[in-house]
Amino acid sequence: MSENTYPSVNDLTLEEKASLTSGGDAWHLQGVEAKGIPGYMITDGPHGLRKSNSATTGEVDLNNSVPATCFPPAAGLSSSWNPELIHQVGEAMAEECIQEKVAVILGPGVNIKRNPLGGRCFEYWSEDPYLAGHEAVGIVAGVQSKGVGTSLKHFAANSQETDRLRISANISQRALREIYFPAFEHIVKEAQPWTIMCAYNCINGVHAAQNRWLLTDVLRDEWGFQGIVMSDWGADHDRVASLNAGLNLEMPPSYTDDQIVYAARDGRIQPAQLDRMAQGMIDLVNKTRAAMSVENYRFDIEAHDEVAHQAAVESMVLLKNDDAILPVAGDAKVTVIGEFARTPRYQGGGSSHITPTKMTSFLDALTERGVDAKFAPGFTLDLEPADPTLETEAVEAAKGADVVLMFLGLPEAAESEGFDRETLDMPAKQIALLEAVAAENKNVVVILSNGSVVTVAPWAKNAKGILESWLLGQSGGPALADVLFGKVSPSGKLAQTIPFDINDDPSTINWPGEEGHVDYGEGVFVGYRYYDTYNKAVDYPFGFGLSYATFEVSDVKAVKTGACTATVSAVVKNTSNVDAAETVQVYVAPGKADVARPKHELKGFKKVFLKAGESAEVSFDLDDRAFAYWSEKFNDWHVESGEYAIEVGTSSRDIAGSAVVELDGDGKAQPLTEWSNFMEWRKDPLGSKVLEKLRAEGEAGRMPIVPDNDMTRLFLDSMPINSMSVLMGADGKQIFEYMLAEYAELTK
Ligand code: BGC
């Protein structure tokens, strides 16, 4: 053993190895005292540190934790489209872990927001895997740059809370590869998270914790994951099966390490597999050792609050701004309505619940800035019916104001880990109050606080301005003041479509499943991939967000750089007199394809800050994955030859320009057989040669002639050649035998 490392697995007894594969308690690894291996703490995550303050360290007490900076949860941060900012949040979280001697922070969670009703949408990133992966990678890289580990979760397909511990998510290989895996895959390849947390649910009938295909074949062998896999809390139901599948660590412990010992003795676990799993745990402890040895470290509370503030500023999405009602003029008479302005809803409920170091509400921020505004709470933050006294008071307060800032949203009890929501609608009492206020004063701006999408259309007519502020963390108040009063222009973009109605969502008929399973019947057509492909109206599209500035995207140019790669560039100009940031988005739209593909998919984005009148060129390298789909036929990624439009715009529905590239494709082909149809023979380079020769032989009178008119072509195109005799009797048999023989000759 060198001075800087703990022993290797070869120095441990069987019992000691087994002990490393479960926790010491709910929030600690199990150390091996005799060999000097410490049992470091690991705890939540994901938008700040939630370290239990309980006297007994094993206790799960979600609301009693040491103060830590509460950054905006992913619902907000994902709207920033700013990976550098997200990296800074990660660095700050790591510093808090070092102070609190936490070796691994449990996050980020990159499951796909398959349906906006999902209870944990507030802590997941997007309906789009490219965006989720390219944003959340900042948390992983940022935290780990300081020597603290992350736990990328929940691998995989934990997109709902209903029956989450038992349900089988039944998903096609293609949808897994294109939608539910890529965020994990990108982060593994780009940033090597030190740990991954497996999901509770089953995938196609096998619990994630026991799924060897998932945890070993895909994660380690295909993607090259080097870290350890831990179970979600209570997701390990069979120690032996899980360890064999590739699960290093059971959390929290079920005190069954003896099962591992017996199984290793009787051969149900191979020694090499136990060694691999236990060595992974030692490697993890080694990686975190330096950071965990730092003594008396104190993070800078103010500096971290400032990071939270900046993150909150970039998390808001301006949805509507009629008559340029925002920003509010400095001398305007302002009335603030809504309890959320005084008691902010700034994070979600469940395992991620943080005790913030500071809390500045919007009202506090106004006081700090010396802004004199009337305030009326208007409603209570519970699920109780409306209070007429509060309502009357609010309507009174709105009278005569130049602008009414109305803080509406979902109360804490409406969304949390542990259950899915039942409606996208806002609480009825808040909608009724908005209507009453708008009848009195037309200059209403609604500021929304919610972790996942709410319907906006039913009440939007009563608001000239709508600012979706999601959940903004502890510094949301000052950030809102900055944006509403125009110190900073809003720059957030939707990471999730806002539909008109939940029944428009493509997963609706398979949500949330029944009798222990949920069929992901919409396949790859999740979110905008469905809405845009099938031309369905949406209220606000994916990628959308207004600014106080205006921008123009022009000069879109694309160049092919290889058989399956291209580069695209464009110019973005701030055409206003306001300094602000715009996010340029790149979508790839395949031409004719062998499989049903979404109309277009996000494959690049860049947030660019531009001073008034300034412009900049942006460019993007698109690799082969930007053009590929997962082919179940090849069991691999496949880029077809043909035309691809590369679109550049500012939302999935605001495409400023596009350019077409013609790609050669990857040339993958499957050998032709008697079961291949005529179309497949025609498209195949060798198959088409065989058909040419067959035609020539027919014209020379040495072979029967294959009928070739529009009707027969249609018929034959979908017919395996071994069925030719149905159409042509004995001649058909002769033809198909000839084709196979010729093909065999060519492929010799
Ligand atoms: C959650 C995880 C969390 C863990 C520990 C589980 O219920 O699903 O996200 O990290 O608890 O609190």
Side-chain angles (χ1 to χ4, degrees), residues 22-29 40-54 56-66 68 70 73-75 93 97 100 102-113 118-125 132 136 139-140 143 148-167 169 183-184 187 193-203 207-209 227-237 247-254 347-355 415-420 451:
S22 75
D25 63 37
W27 308 116
H28 288 84
L29 303 175
Y40 288 142
M41 183 170 215
I42 61 177
T43 193
D44 292 296
H47 62 282
L49 183 62
R50 183 189 59 80
K51 179 184 167 187
S52 174
N53 222 348
S54 309
T56 45
T57 48
E59 208 174 289
V60 179
D61 179 356
L62 299 179
N63 292 321
N64 179 15
S65 50
V66 302
C70 180
M93 291 197 314
C97 290
E100 295 297 333
V102 170
V104 175
I105 184 162
L106 305 177
V110 294
N111 297 100
I112 293 298
K113 302 191 202 211
R120 295 186 90 167
C121 280
F122 73 87
E123 56 181 317
Y124 292 158
W125 293 75
I139 297 285
V140 174
V143 170
V148 172
T150 51
S151 197
L152 187 63
K153 63 191 187 181
H154 309 88
F155 191 49
N158 182 182
S159 288
Q160 67 181 58
E161 293 300 277
T162 305
D163 205 14
R164 68 171 166 161
L165 272 83
R166 304 181 305 182
I167 198 137
F184 290 97
I187 295 171
W194 294 355
T195 87
I196 281 185
M197 186 189 293
C198 78
Y200 281 124
N201 49 281
C202 302
I203 296 167
H207 266 111
I228 67 108
V229 183
M230 68 177 78
S231 69
D232 197 346
W233 266 231
D236 185 1
H237 306 291
L247 187 88
N248 302 73
L249 176 68
E250 178 201 50
M251 286 305 290
S254 59
Q347 65 177 332
S351 58
S352 67
H353 199 273
I354 288 166
T355 304
E415 57 181 347
S416 166
E417 176 182 343
F419 61 90
D420 294 316

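Everything numeric here is computed off the predicted structure, so don't read it as measured data. Atoms within a ligand are numbered from 1 in the order they appear, just like the ligands themselves.
Put simply, the side chain of W233 does not reach to within 4.5 Å of the side chain of D44, judged on heavy atoms. Counting heavy atoms from C-beta outward, V110 and L152 have side chains that approach closer than 4.5 Å.
Which parts of ligand 1 touch K153 is read off a 4.0 Å heavy-atom cut-off, strictly below it: atoms 2 (C), 3 (C), 9 (O), 10 (O). Interface of E417 with ligand 1, defined as ligand atoms under 4.0 Å from a residue heavy atom, comprises 1 (C), 6 (C), 7 (O), 8 (O). The ligand atoms of ligand 1 that sit less than 4.0 angstrom from a heavy atom of L106 are 10 (O). Every atom of ligand 1 is numbered from 1 in the order shown, and the set under 4.0 Å from a heavy atom of H154 is 2 (C), 8 (O), 9 (O). Here is the list of ligand 1 atoms found below 4.0 Å of a heavy atom in R50: 12 (O).
Using a distance-only test at 3.5 Å, with no hydrogens or angles considered, a donor-acceptor pair links the side chain of S231 to the main chain of M251. At distances below 3.5 Å, not a single donor-acceptor pair connects side-chain atoms of T150 with backbone N or O atoms of P193. Side chain of K51 to backbone of V102: no donor-acceptor contact under 3.5 angstrom is found.
The closest approach between any non-hydrogen atom of R120 and ligand 1 is below 4.0 Å.
Considering backbone and side-chain N/O of W233, none are found under 3.5 Å from N/O of ligand 1. Where the criterion is an N or O separation shorter than 3.5 Å, residue side chain and backbone included, W27 fails it with respect to ligand 1.
Test E161, E415, H154, Q160 against R120 for side-chain hydrogen bond (donor to acceptor under 3.5 Å, both in side chains) and you get one pass: H154.
In this structure, a donor-acceptor pair under 3.5 Å is absent between the side chains of S352 and E417.
With a 4.0 Å heavy-atom cut-off, ligand 1 is reached by the side chain of R164 but not by its N, CA, C or O.
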